[in-house]
Amino acid sequence: MPIRLPLLPADPAAAFPPAGRALREPNGLLAMGGDLSPERLLNAYRHGIFPWYSAGEPILWWCPDPRMVFHTDAFALPSRFRRRLRSSTWQVRTDSAFEQVIAACATSPRPGQDGTWITDEMRAAYVQLHRRGHAHSVEVFDGERLVGGIYGVAVGRMFFGESMFSAESGGSKVALAGLARILSGWGWPLIDAQVENPHLVSLGARRLPRPEFLAEVARWSAKPDTPDSWATRVAPFPASRLAFPEPP
């Protein structure tokens with residue numbers, strides 16, 4: 001039987017269907033259509049919804065159950081990796097290479113994945129969000145070479161991770177650890193990691209039932225935070241700092 005999904009109206013401020021109406025299979029598929037305007041995207045994230053589709057498909061909107069999250073104050077790199085990181089010369093920066101990060105995420109090969117869901121349309125939409133101060137990246141550099149990164153969307157004091165990549169072993173781990181360290185210091189408790197996979201679990205992502213996740217999103221996305229460039233808020237710092245506990 002064909003799947004019948006609600007079709008979003010043209011108005012980017014129009015309400016999304018209630019998340020409880022999302023399909024069980026495929027898990028979390030909620031609606032289709034609309035556009036990727038900044039207004040629509042921010043409206044979606046405020047309700048725990050994100051776009052995910054492939055080239056040639058209509059825009060599909062998702063809110064899976066359960067949801068994978070990282071607790072920023074509990075994120076910890078594996079001990080063996082931390083020992084290696086102590087002598088690293090890598091540097092962590094923010095919002096200095098957003099377009100490079102999203103391009104690398106779009107073109108990095110993924111095991112079991114043919115092609116990318118980060119289409120040219122998606123890239124353009126998130127670059128526009130970045131220029132408005134709503135989408136951000138954390139980058140890892142070896143000298144001036146980008147070796148890892150992560151990008152996502154900030155709404156209030158909630159961060160929604162979209163994708164990460166490594167050009168060198170451990171690059172994405174360092175980017176994620178840097179993001180968690182920054183957000184924990186600001187009092188932002190969660191990073192949305194969307195859909196479960198073994199890599200996220202290995203890094204410490206936890207399952208949250210959808211109702212609990214949506215309650216957290218409602219709480220933290222309503223907190224005040226000024227959209228801006230994180231480069232003005234976070235000075236570059238050595239990746240080796242992430243090998244040690246955050247100072248009290």
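- Inter-residue side-chain proximity for K173 and L203 is flagged as met; some heavy-atom pair is nearer than 4.5 Å.
- Distance check: L183 CG to L190 CG gives 10.0 Å after rounding to the nearest 0.5 Å.
- Contact annotation: the side chain of L36 approaches that of M122 to within less than 4.5 Å [non-hydrogen atoms, C-beta and beyond].
- To the nearest 0.5 angstrom, R181 atom CZ is 8.0 Å from R241 atom CZ.
- Rounding to the nearest 0.5 Å places OG of S37 at 9.0 Å from CG of N43.
- Every pair passing ring-ring contact (aromatic ring centres under 6.0 Å, His included) that includes a residue from residues 173-194 is listed here, sequence neighbours excluded: W186-W188, W186-W230.
- Looking only at side-chain heavy atoms (C-beta outward), V153 and L42 come within less than 4.5 Å of each other.
- No side-chain heavy atom of P238 sits under 4.5 Å from any side-chain heavy atom of V92.
- Side chain of S166 to backbone of S169: no donor-acceptor contact under 3.5 angstrom is found.
- Between the side chains of E139 and S137, at least one donor-acceptor pair of N or O atoms lies under 3.5 Å.
- Applying the side chain to side chain donor-acceptor pair (under 3.5 Å) rule to R207 yields the partners E196; only residues at least two apart in sequence or on another chain are considered.
- M68 belongs to a hydrophobic cluster with V201, counting contacts under 4.5 Å between side-chain heavy atoms of Ile, Leu, Val, Met, Phe, Trp and Tyr, direct or through other members.
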The test is side chain to side chain contact (heavy atoms under 4.5 Å, CB included); show your working for F98 and Y151 and say whether it passes. CA-CA 7 Å; F98 183 90; Y151 78 94; 3.8 Å; yes
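- Side chains of E121 and Y53: a donor-acceptor N/O pair is present below 3.5 angstrom, by distance only.
- Considering only residues two or more places apart in sequence or on other chains, H47 meets the ring pair (Phe, Tyr, Trp, His ring centres under 6.0 Å) condition with none of them.
- Smallest separation of non-hydrogen atoms from G156 and D225: O-CB, 3.1 Å.
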Working note: V101 + L146, criterion side chain to side chain contact (heavy atoms under 4.5 Å, CB included); need CA distance, chi angles, decisive distance, verdict. CA-CA 8 Å; V101 169; L146 183 65; 4.2 Å; yes
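- Applying the side-chain hydrogen bond (donor to acceptor under 3.5 Å, both in side chains) test to every pair with at least one member in residues 81-95, sequence neighbours left out, gives these pairs: Q91-R93, R93-E144, D95-H136.
- The minimum heavy-atom distance between P227 and H134, with the atom names listed, is CG-CE1, 3.3 Å.
- Applying the salt bridge (Lys or Arg N to Asp or Glu O under 4.0 Å) test to every pair with at least one member in residues 29-57, sequence neighbours left out, gives these pairs: D35-R40, E39-R132.
- Taking every heavy atom of both residues into account, I49 and C63 meet most closely at CG1-CB, 4.2 Å.
- Between the side chain of S184 and the backbone N or O of A180 there is no donor-acceptor pair closer than 3.5 Å.
- Every residue two or more places apart in sequence or in another chain that forms a side chain to side chain donor-acceptor pair (under 3.5 Å) with E162 is listed here: Y45, Q194.
- The distance from the OG atom of S79 to the CG atom of L85 is 12.5 Å, given to the nearest 0.5 Å.
- Between L41 and P51, the shortest heavy-atom distance links the atoms CD2-CG, 3.8 Å.
- The shortest side-chain heavy-atom distance between P38 and Y126 does not fall under the 4.5 Å cut-off.
- The ring-ring contact (aromatic ring centres under 6.0 Å, His included) analysis of residues 195-229, with sequence neighbours excluded, yields no pairs.
- With a 4.5 Å cut-off on side-chain heavy atoms, P26 and W62 count as touching.
- For R157, the CZ atom sits in a packed shell: over 12 heavy atoms of surrounding residues, nucleotides or ligands are nearer than 6.0 Å.
- When all heavy atoms of V140 and A175 are compared, the closest pair comes out as CG2-N, 3.5 Å.
- The neighbour count for R233 CZ, taken as heavy atoms of other residues, nucleotides or ligands under 6.0 Å away, is above 12.
- F75 is linked by a ring pair (Phe, Tyr, Trp, His ring centres under 6.0 Å) to F70, counting only residues two or more places apart in sequence or in another chain.
- Residues L60 and L7 fall within the same hydrophobic cluster, defined by Ile, Leu, Val, Met, Phe, Trp and Tyr side chains chained together at heavy-atom separations under 4.5 Å.
- With sequence neighbours excluded, no residue forms a side chain to side chain donor-acceptor pair (under 3.5 Å) with E212.
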Would R123 and E99 count as a side chain to side chain contact (heavy atoms under 4.5 Å, CB included) if you check the C-alpha gap in whole Å, the side-chain angles of each, and the deciding distance to 0.1 Å? CA-CA 8 Å; R123 285 168 64 173; E99 293 188 43; over 6 Å; no
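- Residues P17 and L8 share a closest heavy-atom pair of CD-CD2, 4.0 Å.
- Here the straight-line distance linking atom CG of L23 with atom CG of D65 works out to 12.5 Å at 0.5 Å rounding.
- Annotation: side chain of R67 is not in contact with side chain of R210 (no heavy-atom distance under 4.5 Å).
- Side-chain N or O atoms of H130 include one that pairs as donor or acceptor with a backbone N or O of A135 at under 3.5 Å.
- Rounded to the nearest 0.5 Å, atoms CG (L242) and CG (L77) are 6.5 Å apart.
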Report the C-alpha distance between L176 and I191 in whole Å, list the side-chain angles of each, state the deciding distance to 0.1 Å, and finish with yes or no for side chain to side chain contact (heavy atoms under 4.5 Å, CB included). CA-CA 10 Å; L176 179 59; I191 299 170; 4.3 Å; yes
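- For residues 12-37, the ring-ring contact (aromatic ring centres under 6.0 Å, His included) pairs, not counting sequence neighbours, are F16-W61.
- For E168, the side chain to side chain donor-acceptor pair (under 3.5 Å) partners two or more places apart in sequence, or in a different chain, are R145.
- In this structure the side chain of S163 never reaches within 4.5 angstrom of the side chain of I150, judged on heavy atoms.
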